[in-house]
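The basis for the numbers below is simple: all heavy atoms, side chains too, and nothing from hydrogens, waters or symmetry mates.
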Amino acid sequence: MQSSNDRSRGGGGGPESSADNHDGHGPTAPEVRYEDPWHDALASGWGELDETGAPTPAVPAARAGRDEVSTGARDVYVEVQRSAAFREVRSSYRRFVVPGVAVFFTWYVGYVVTATAAPGFMARPVAGAVNVAMVAGLGQFLTTFLLTWAYARHARLRRDRAALELRWDTQELTRGIRGGDTS
């Protein structure tokens, strides 16, 4: 396969890298075209000049009939997104995350503002050489781990099963659209 600047990707200039002797057994296989939309744009030929000096046209669709499949799959995802089960999973997520972020952010900003505005208070000793700032700083780590544990527990107990069922249903519906086995 050729790179975007029409030079062979092989190293060196010996017979092992020539286009006519790919593996030492005759002509090379036909050029492979990537159907990956995330493939490097310049490697796919987009944005380069053709033989006439004009920009190359956009890469055509990889397969005929793909629009019908993507439209059908889009309809499935829109249908799932509008379902009551999906709305329940999202609302359960929001009921936990929004207050959790608000409390943690307030705690974090309070710590930073107090450390900046009241250094005398933060320097007060609590026990020996340990002061209020050290206890509050360690409290930041502790609350981070506590919030992570609470989030994972909440997800496992309240959302994961419903989310997996939605995912399974979505895959089954899209598999039916693409012509796969739905049994």
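Side-chain atoms of R159 do not come within 3.5 Å of backbone N or O of H154 as any donor-acceptor pair. With S91 contributing its side chain and E88 its backbone, the two residues share a donor-acceptor pair below 3.5 Å.
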Take F104 and Q140, measure what side chain to side chain contact (heavy atoms under 4.5 Å, CB included) needs, and give me the verdict at the end. CA-CA 9 Å; F104 186 78; Q140 291 288 316; 4.2 Å; yes
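In this structure, the side chains of T114 and M122 come closer than 4.5 Å at one or more pairs of heavy atoms. Here the side chains of R158 and Y93 are not in contact, with every heavy-atom distance at 4.5 Å or above. At least one side-chain heavy atom of L166 sits under 4.5 Å from a side-chain heavy atom of S83. Two residues are said to be in side-chain contact when any heavy atoms from C-beta on lie closer than 4.5 Å; V126 and V132 meet this criterion. When side chains are defined from C-beta on, Y77 does not count as touching Q81, because their heavy atoms never get closer than 4.5 Å. Looking at R82 and F86, their side chains never come closer than 4.5 Å, going by heavy atoms from C-beta outward. Looking at heavy atoms from C-beta onward, L146 lies in side-chain contact with W149 at the 4.5 angstrom threshold.
Pairing each heavy atom of V89 with each of A163, the nearest pair is CG2-N, 4.1 Å.
One hydrophobic cluster holds both F121 and M134 under the rule that ILVMFWY side chains link at heavy-atom gaps under 4.5 Å. The hydrophobic clustering, which links ILVMFWY residues whose side-chain heavy atoms are closer than 4.5 Å, places Y108 and V135 together.
Ring-plane geometry between W107 and Y111 is classed as tilted, the angle between the planes lying from 30 to 60 degrees on a 0 to 90 degree scale.
Atom CD of residue Q171 and atom CZ of residue R167 lie 5.0 Å apart, to the nearest 0.5 angstrom. Between L142 atom CG and L147 atom CG the span is 11.0 Å, to the nearest 0.5 Å.
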